[in-house]
Amino acid sequence: MQVCASWGRRFLLRAPEASTVLTIQARTRGKKMRPVTGDTVLARPLPNETDWLIETINPRNNELVRPDSRGNREVLAANIDLMVVVICAAPAVDLFMVDRFLAGARLMSCDAALVWNKADRNPAPDTLATYRDLGYPVLCTSAASTEGLNGLQQLLASRTSILVGQSGVGKSSLVNAMVGEAQQRTSQISSSNDEGRHTTVAAQLIDLPDSGSVIDSPGVRDYAPHIPSVHDVAYGFVEISETSQQCRFSDCLHRAEPHCAVKQAVEDGLIDSRRYQSFMRLAQLTRQLTQGRY
């Protein structure tokens, strides 16, 4: 069985039954077991109850994690093949958050792509060319005009994907457009502060019409991956990770070390300076969060 939604200690499971899918309400017995959307689990029916009891979480292929308020790792979803970072013109794009999502995907050995949504209102900015040059697929979509939906469906086909991004970028609207019915509740951008309102309150796994499934995750105003050590941050940035192989010191942090190939590549314009700044910000955050744990 697979967890397709979770609310605290309450869960919705799905189990294939012949030509259909059976959904089952379930719970856990204690607080130590914490299934997340995307998990596969073993569960059994409880006598004289409609609920099932989750007994085991099967080993995960990967985990989408972030640090909690104490700096400890918090798992948001599991068993993801593709992370799709959705952005648009309003709310304004936070490229530093985009970089942190992409770093999180790379650190969890997950493919990643960018979607510029609401393309019927605003064309994609030239800054996204940086991500194309790094090898990330960049799609332009619109739930309203259906622009780019076929390409998005092809990208999502035959795998489990998760849509992530700021509140109000239209993740749920894209899901609705692809599944052909309003499975998610949507709302308008707040005109008072131009920030998206939270509409999806729990990560939900939804089957796509042809093949594959997608997790529509709650919108966020910030995100950072949980990284065990500052030395691991560079791996989240593909161009920095590859260039760092040429650094003089194997433990180079690309800050003030001599003969740093990464800093030289930034000076030469081979690594985007804003991406390097994004890497340095995440390294500093990781340093702050890990100081009390080692």
So does R27 pair up with E49, basic N to acidic O under 4.0 Å? yes
Do the side chains of R73 and D68 get close enough for a salt bridge, i.e. N-O under 4.0 angstrom? no
Spell out, as yes or no, whether a donor-acceptor pair under 3.5 Å connects the side chain of [X] to the backbone of [Y].
| X | Y | result |
| --- | --- | --- |
| R14 | T23 | no |
| D120 | A144 | no |
| D232 | I227 | no |
| N62 | N79 | yes |
| S244 | S241 | yes |
| R159 | L155 | yes |
| D94 | F96 | yes |

Is it true that the side chains of N150 and Q154 contain a donor and an acceptor less than 3.5 Å apart? no
So do [Y] and [X] actually touch side chain to side chain, heavy atoms under 4.5 Å?
| X | Y | value |
| --- | --- | --- |
| Y235 | L107 | yes |
| P225 | R100 | yes |
| Q166 | M97 | yes |
| L205 | V214 | no |
| L12 | I24 | no |
| L114 | L128 | yes |
| R274 | D99 | yes |
| Q153 | M178 | yes |

Please list all pairs passing the salt bridge (charged side-chain N to carboxylate O under 4.0 Å, His left out) test where one or both residues lie in residues 138-156, with sequence neighbours left out.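 For residues 138-156: none.
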Taken in chain and number order and not counting sequence neighbours, the residues that satisfy side chain to side chain donor-acceptor pair (under 3.5 Å) with S158 are S211
Run the side chain to side chain donor-acceptor pair (under 3.5 Å) test against E242 and tell me which residues pass, sequence neighbours left out. none
Decide whether a cation-pi geometry holds between R106 and F101; the criteria are a distance under 6.0 Å from NZ or CZ to the six-membered ring centre and an angle within 45° of the ring axis. no
Atom pair [atom1]/[atom2] of [X] and [Y] - distance to nearest 0.5 Å:
| X | Y | atom1 | atom2 | value |
| --- | --- | --- | --- | --- |
| S273 | M280 | OG | CE | 13.0 Å |
| I87 | N117 | CD1 | CG | 10.0 Å |
| L64 | I162 | CG | CD1 | 5.0 Å |
| S145 | K118 | OG | NZ | 12.5 Å |
| T28 | R34 | OG1 | CZ | 9.5 Å |
| L289 | S229 | CG | OG | 12.5 Å |

Is the number of heavy atoms from other residues, nucleotides or ligands under 6.0 Å of R10 CZ greater than 12? yes
Heavy atoms of other groups near D126 CG, more than 12 under 6.0 Å: no
Quick check: closest heavy atoms across [X] and [Y], and the distance to 0.1 Å?
| X | Y | value |
| --- | --- | --- |
| Y223 | L76 | CE1-CD1, 4.4 Å |
| T290 | P228 | CG2-O, 3.4 Å |
| A143 | S173 | CB-O, 3.6 Å |

Transitively linked via ILVMFWY side-chain contacts under 4.5 Å: [X] with [Y]?
| X | Y | value |
| --- | --- | --- |
| V75 | L163 | no |
| V65 | I57 | no |
| V138 | L134 | yes |

Begin from the C-alpha positions of L156 and V84 and carry the test side chain to side chain contact (heavy atoms under 4.5 Å, CB included) through to its verdict. CA-CA 9 Å; L156 303 180; V84 179; 3.9 Å; yes
Return each pair, listed once, that meets ring-ring contact (aromatic ring centres under 6.0 Å, His included) where at least one residue sits in residues 250-289; pairs must be two or more places apart or across chains. F237-F279, H254-F279
Apply side-chain hydrogen bond (donor to acceptor under 3.5 Å, both in side chains) to residues S172 and D216 and explain how you reach the verdict. CA-CA 6 Å; S172 296; D216 182 13; 2.5 Å; yes
Listed pairs under 3.5 Å, donor-acceptor, residues 35-44 side chains, sequence neighbours left out:
unit_1, atom_1, unit_2, atom_2, d
T37, OG1, A203, O, 2.9
D39, OD1, R60, NE, 2.7
D39, OD2, V36, N, 2.8
D39, OD2, R60, NE, 3.4
D39, OD2, R60, NH2, 2.8
T40, OG1, N58, ND2, 3.2
R44, NE, E55, OE2, 2.5

Would you please name every residue forming a salt bridge (Lys or Arg N to Asp or Glu O under 4.0 Å) with R281, sequence neighbours left out? none
Which is it for L13 and V3 under the side chain to side chain contact (heavy atoms under 4.5 Å, CB included) test, yes or no, and what are the steps along the way? CA-CA 5 Å; L13 309 181; V3 178; 3.7 Å; yes
Decide side chain to side chain contact (heavy atoms under 4.5 Å, CB included) for V179 and L208; before the verdict, give the C-alpha distance in whole Å, the side-chain angles of both, and the deciding distance to 0.1 Å. CA-CA 6 Å; V179 302; L208 296 171; 4.3 Å; yes
Would E239 and R275 count as a salt bridge (Lys or Arg N to Asp or Glu O under 4.0 Å) here? Give the steps. CA-CA 9 Å; E239 70 275 40; R275 282 271 295 175; 2.8 Å; yes
Stepwise, does the side chain to side chain contact (heavy atoms under 4.5 Å, CB included) test hold for M108 with I80? CA-CA 9 Å; M108 64 186 284; I80 299 166; 4.2 Å; yes
